[in-house]
S.K.: 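Structure below; questions to follow.
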Amino acid sequence: MKVYNTLSRQKEEFVPLEAGKVKMYVCGPTVYNLIHIGNARPMMVFDTVRRYMEYKGFEVNFVSNFTDVDDKIIKKAVEEGISAQEVSQRYIEECKKDMAAMNVRPATTHPLATQEIGGMLEMISTLVDKGFAYAVEDGTVYFRTRKFKEYGKLSHKNLDDLQAGHRDIKVTGEDKEDSLDFVLWKPKKEGEPYWESPWCNGRPGWHIECSVMAKKYLGEEIDIHAGGEDLIFPHHENEIAQSEACNGKIFAKYWIHNGFLNIDNKKMSKSEGNFFTVREIGEKYDLQVLRFFMLSAHYRSPLNFSADLMEAAKNGLERILNAAQNLQHLQKNAVADMMTQEEAEIFAGSQAFVEKFERAMDDDFNTADAISAVFEFVKYCNTNVTEKGSRELLENLYQRLDGLCDVLGLILRKEEEILDEEIEKLIAERQAARKEKNFARADEIRDILLGKGIILEDTREGVKWKRA
RNA sequence: GGCGCAGUAGCCAAGUGGUAAGGCAUGGGUCUGCAACACCCUGAUUCACCGGUUCAAAUCCGGUCUGCGCCUCCA
C-alpha cells in the first residue's frame, strides 16, 4: 500500500510502526456552527482511509478531536448569551448527527480540548524547561520557533522566506522574541473561559491541543496525521515543532492532506454567499450522494461542487444501488439454491474487479479508480445475472459488491421496510388492472404510490419497488 | 516575492514511458401497454500550446499561456 506523504512529497510504501496496527490522528472541526461541506471532505476521505486499512486487516486506532475552546466559539456564546460550553456541546451533537448521516464512523476516541488542559500545561512546561518556550510579562507563553531546527520541514518553507514575505506578519502590541514565534498559552480576557496555569489564568493556543491529544491517545510516535491541506502551515508545522521538541521523537511518520472543496469554482466563503452546510445538502439529497461525489475525485485534487455535479453523482450512485437491489430482488425469488459449474465461473470472474479495486486503493487511496472498478463490477452483474440465477450466486455477488461499497462507506442495503397492507393491496390491485389492460387505473395507482415515496418498476422479473 | 498544484471528450474524472479506464449527459436500437431499470451501439487519430529526448511521450526535459492554492483564522 502506497501513501502520499506531504513530508517527502512522494508516495511511500506504508509500513506501520507496529505490525498490524495503525495509529491515526485527524484534526477535527472547531465547533461553533453546523459543519459545512468543506469540513465534510476530510471526514469522508479519512473515514474511507480508515475503512480501507481495516479491510486490509489493520487494527486502526483513529483519533479525531473537537476543538471546543476558541475565539469563534466565545463570540457565538456572547451573541447568544449562553456559555461557550453550551455552544460547543450543541454543535458537537449536531456534528455527530451529520457524521452519522454521511456514514462516517465515530472515531475510536473523540477528545475535547477542554478536557485535556492538564496535558497541555504539562507539555508547555516541558517546552519551557527545555528552552523551546518562554513566557512574557502578561503571561503569554510562546514557542521559540527558531530553536527548532527542522521548522518548515513539512510545509517546505524556510524561515527567512517567511519573514521576507510580502505579508506583514508582525502584529502590533506583541512582545515576542521573534515574529515567527506562536502562542502556546494566552491570558484570558474579561468574561472568557479560563484555566489556571503557572503563567497566568488563561487558555491554550490552538496548536498545542492536537499535539497533546495525539500523544495521550496514540503515543509519542504515530503512523498517520491527517487533515485539510490548509492545515499544513502553520498548524501541522507547529504541531511537529511542539511534539518533537517535547518528546525528542519523530511525531508522525506519514502526513496526509486532502485538497480543498470549491463551490462553482470559487473558494467557499460566507461573504461570497456560496456556503453550504452539510445539513442543507442533506435536505435535498441523501448524504450518500455527497459521499459518492467526494470520492469520485482523488482526495488530493481540488474538487468543485455544484448543483449539476451533485445531480450527476446522484444518477451515478443510483446505477450502483439499482444493481444491488436487482441482486437482492432476484435472490428473494430464486428457484435454485446452489451455484452451477457455470455460475461458479461467473463468480470467479468477478474477482478481477476486486483486484482492480484493491490496486486502486493501494495506490494512495485512488477512490476514483476504485469506483470505476465498482461500475465495471455492476455491469458484469447486470449482464451475467438473470431470474434463473441460483440463490448462492446472487448472494455471493451481492456480498462481494457490498464488501467493496462498504470500504467506500456506501450503503447498499436499504432498511427492511414493512409495506403497509394498504400499499401491498395497491400493488396487487394494479397488477390485476394491468392484466385487464385497465392501464389508466394502473397508472393512477403507480402515481398514488409515488406520492407515498414508493417507486414501482415493472421488470422481466416482476414488479419491483423501492423508496425514492 | 517564496513554495506548490492543475489544464485529458458536452460535463465529471482515472491514467505519469508502450499506443486514451469509468461515470453523467446526448443520439439510435432491444425490451416494454406506458414509464423506469437493464443491455447493445454512439463518442478524444488525441491529452492547453511550442520545442526537445526516445524505437515509442498525455506521461520525461525546457519554454509559453491559462486557472488555482498556501505563505493570515480556515477542512
Side-chain angles (χ1 to χ4, degrees), chain A residues 6 9 11 26-30 35-46 67 70-72 152 155-158 160-169 171 206 226-235 237 257-262 265-270 292-293 296-298 300-304 306 308-323 325-326 329 356 360 363 366-379 381-386 433-435 437-440 442-443 446-447 450 455-461 463-466:
Chain A
T6 306
R9 290 183 172 166
K11 286 183 194 171
V26 180
C27 289
T30 301
I35 58 166
H36 57 250
I37 55 178
N39 292 307
R41 169 119 102 143
M43 287 179 181
M44 289 171 170
V45 163
F46 299 121
T67 296
D70 163 271
D71 288 342
K72 286 181 290 240
S155 52
H156 302 92
K157 295 177 187 303
N158 76 63
D160 298 322
D161 286 346
L162 282 173
Q163 281 195 318
H166 260 194
R167 290 165 187 276
D168 185 6
I169 51 178
V171 181
W206 174 40
E229 65 181 353
D230 55 317
L231 297 183
I232 295 171
F233 189 89
H235 185 55
E237 197 69 71
H257 295 97
N258 65 276
F260 250 57
L261 183 79
N262 296 320
N265 291 310
K266 281 185 202 145
K267 185 167 171 170
M268 182 164 60
S269 78
K270 280 184 176 167
F292 178 79
F293 166 73
S296 68
H298 189 92
R300 280 189 282 117
S301 307
L303 178 60
N304 193 39
S306 74
D308 286 353
L309 263 12
M310 275 299 279
E311 278 302 312
K314 183 186 170 204
N315 293 338
L317 176 61
E318 198 70 28
R319 179 172 163 79
I320 296 170
L321 265 25
N322 277 336
Q325 291 201 355
N326 189 233
H329 181 260
K356 179 178 174 184
D363 182 18
N366 191 335
T367 52
D369 226 5
I371 285 174
S372 83
V374 171
F375 274 116
E376 286 172 40
F377 185 23
V378 160
K379 174 165 253 174
C381 291
N382 287 338
T383 44
N384 282 295
V385 148
T386 68
R434 291 178 72 209
K435 249 184 202 153
K437 299 209 185 295
N438 181 358
F439 297 122
D443 287 349
R446 184 165 57 191
D447 287 343
L450 185 61
I455 296 171
L456 296 187
E457 289 174 1
D458 301 323
T459 70
R460 284 181 296 258
E461 299 89 33
V463 183
K464 287 196 298 188
W465 64 272
K466 63 182 182 183

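Lettering follows sequence order; numbering is per chain, from 1.
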S.K.: Between B:rC73, B:rC71, B:rG33, which one does the side chain of A:Lys157 approach most closely?
M.R.: B:rC71
S.K.: Using a 4.0 Å heavy-atom cut-off across all strands, classify A:Lys379 as base, sugar-phosphate, or nothing.
M.R.: sugar-phosphate
S.K.: What is the separation between atom CG on A:Asn315 and atom P on B:rG22, rounded to the nearest whole Å?
M.R.: 19 Å
S.K.: If you check every side-chain atom of A:His156, which of B:rA13, B:rC3, B:rA75 has the closest atom?
M.R.: B:rC3
S.K.: Is A:Arg300 near enough to B:rC5 that one of its side-chain N or O atoms lies under 4.0 angstrom from OP1 or OP2?
M.R.: no
S.K.: Can you tell me whether the side chain of A:Arg434 and the base of B:rG33 have a donor-acceptor pair closer than 3.5 Å?
M.R.: yes
S.K.: When you measure from the side chain of A:Asp369, which nucleotide among B:rA75, B:rA21, B:rC71 comes out closest?
M.R.: B:rA21
S.K.: Side chain of A:Phe375 only, please: which of B:rC24, B:rG22, B:rA36 is the nearest?
M.R.: B:rG22
S.K.: To the nearest Å, how far apart are A:Met268 CE and B:rC73 P?
M.R.: 18 Å
S.K.: Considering only B:rC39, B:rG15, B:rA13, which nucleotide approaches the side chain of A:Ala368 most closely?
M.R.: B:rA13
S.K.: Go nucleotide by nucleotide along RNA chain B from the 5' end; which of A:Asp308 and A:Asp443 gets its closest nucleotide reached first?
M.R.: A:Asp308
S.K.: When you measure from the side chain of A:Ala297, which nucleotide among B:rA14, B:rG23, B:rC3 comes out closest?
M.R.: B:rA14
S.K.: Rounded to the nearest angstrom, tell me the gap between atom CG in A:Asn158 and atom C1' in B:rG1.
M.R.: 12 Å
S.K.: In whole angstrom, what separates A:Asn258's CG from B:rG69's P?
M.R.: 16 Å
S.K.: For a quick check of understanding: with a heavy-atom distance under 4.0 Å over all strands, which category does A:His36 fall into, base, sugar-phosphate or nothing?
M.R.: base
S.K.: Determine the contact category for A:Gly227: base if any of its heavy atoms lies under 4.0 Å from a base atom, sugar-phosphate if only primed atoms, P, OP1 or OP2 are that close, otherwise nothing.
M.R.: sugar-phosphate
S.K.: Answer with base, sugar-phosphate or nothing: what part of the nucleic acid does A:Leu261 contact at a heavy-atom distance below 4.0 Å?
M.R.: base
S.K.: Identify whether any heavy atom of A:Phe233 sits under 4.0 Å from a base atom; if not, whether one sits that close to sugar-phosphate; answer base, sugar-phosphate or nothing.
M.R.: sugar-phosphate
S.K.: From the list B:rC73, B:rC70, B:rA21, which nucleotide is the closest neighbour of the side chain of A:Lys72?
M.R.: B:rC73
S.K.: Base, sugar-phosphate, or nothing: which does A:Leu456 touch, judged by heavy atoms less than 4.0 Å apart?
M.R.: base
S.K.: Taking the side chain of A:Arg9 as heavy atoms from C-beta outward, which of B:rC3, B:rA75, B:rA36 is closest to it?
M.R.: B:rC3
S.K.: Does A:Ser301 place a side-chain N or O at less than 4.0 Å from the phosphate oxygens OP1/OP2 of B:rA14?
M.R.: yes
S.K.: Are there over 12 heavy-atom neighbours, none belonging to A:Lys314, within less than 6.0 Å of that residue's NZ?
M.R.: no
S.K.: Among B:rG33, B:rA75, B:rA14, which is the nearest nucleotide to the side chain of A:Asp458?
M.R.: B:rG33
S.K.: Check the distance between B:rC73's P and A:Lys267's NZ and give it to me in whole angstrom.
M.R.: 12 Å
S.K.: Would you measure the distance from the C1' atom in B:rG52 across to the matching atom in B:rU66 and give it in whole Å?
M.R.: 23 Å
S.K.: Do A:Thr367 and A:Met44 pass the side-chain contact (heavy atoms from CB on, under 4.5 Å) test, and can you show the C-alpha distance, the side-chain angles, and the key distance before you say yes or no?
M.R.: CA-CA 11 Å; A:Thr367 52; A:Met44 289 171 170; over 6 Å; no
S.K.: Can you check whether A:Asp369's main-chain N or O pairs, donor with acceptor, with A:Asn366's side chain at less than 3.5 Å?
M.R.: yes
S.K.: Identify the two heavy atoms, one from A:Asn304 and one from A:Phe293, that lie closest to each other, and give their separation to 0.1 Å.
M.R.: O-CZ, 3.0 Å
S.K.: A:Asn382 side chain N/O closer than 4.0 Å to the phosphate oxygens (OP1, OP2) of B:rC39?
M.R.: yes
S.K.: Out of B:rC71, B:rA21, B:rA75, which nucleotide sits closest to the side chain of A:Lys356?
M.R.: B:rA21
S.K.: Between the base of B:rC34 and the side chain of A:Arg446, is there any donor-acceptor pair under 3.5 Å?
M.R.: yes
S.K.: Quick check on B:rA38: is either OP1 or OP2 less than 4.0 Å from any side-chain nitrogen or oxygen of A:Asn326?
M.R.: no
S.K.: Could you check how far CD1 of A:Ile371 sits from P of B:rG15, rounded to whole Å?
M.R.: 13 Å
S.K.: Is any side-chain nitrogen or oxygen of A:Arg319 closer than 4.0 Å to OP1 or OP2 of B:rA25?
M.R.: no
S.K.: Over how many whole Å does the gap from A:Glu237 atom CD to B:rU72 atom P extend?
M.R.: 12 Å
S.K.: Kindly indicate, with the supporting measurements, whether the criterion side-chain contact (heavy atoms from CB on, under 4.5 Å) is fulfilled by A:Ile455 and A:Leu450.
M.R.: CA-CA 6 Å; A:Ile455 296 171; A:Leu450 185 61; 3.9 Å; yes
S.K.: Using the closest heavy atom to pick a nucleotide of RNA chain B for each, name whichever of A:Asn304 or A:Thr383 lands nearer the 5' end.
M.R.: A:Asn304
S.K.: Taking only Lys NZ, Arg NE, NH1 and NH2, and the carboxylate oxygens of Asp or Glu, determine whether A:Glu229 and A:Arg41 approach each other closer than 4.0 Å.
M.R.: no
S.K.: For side-chain contact (heavy atoms from CB on, under 4.5 Å), just list the numbers for A:Lys466 and A:His329, CA-CA rounded to whole Å, side-chain angles, deciding distance to a tenth of an Å, and then say yes or no.
M.R.: CA-CA 11 Å; A:Lys466 63 182 182 183; A:His329 181 260; over 6 Å; no
S.K.: Once you apply the 3.5 Å cut-off to both distances, tell me the Watson-Crick or G-U wobble partner of B:rC49, or none.
M.R.: B:rG63
S.K.: In whole angstrom, what separates A:Asp230's CG from B:rA75's P?
M.R.: 6 Å
S.K.: Do A:His36 and A:Asn39 have a side chain donor and acceptor closer than 3.5 Å?
M.R.: yes
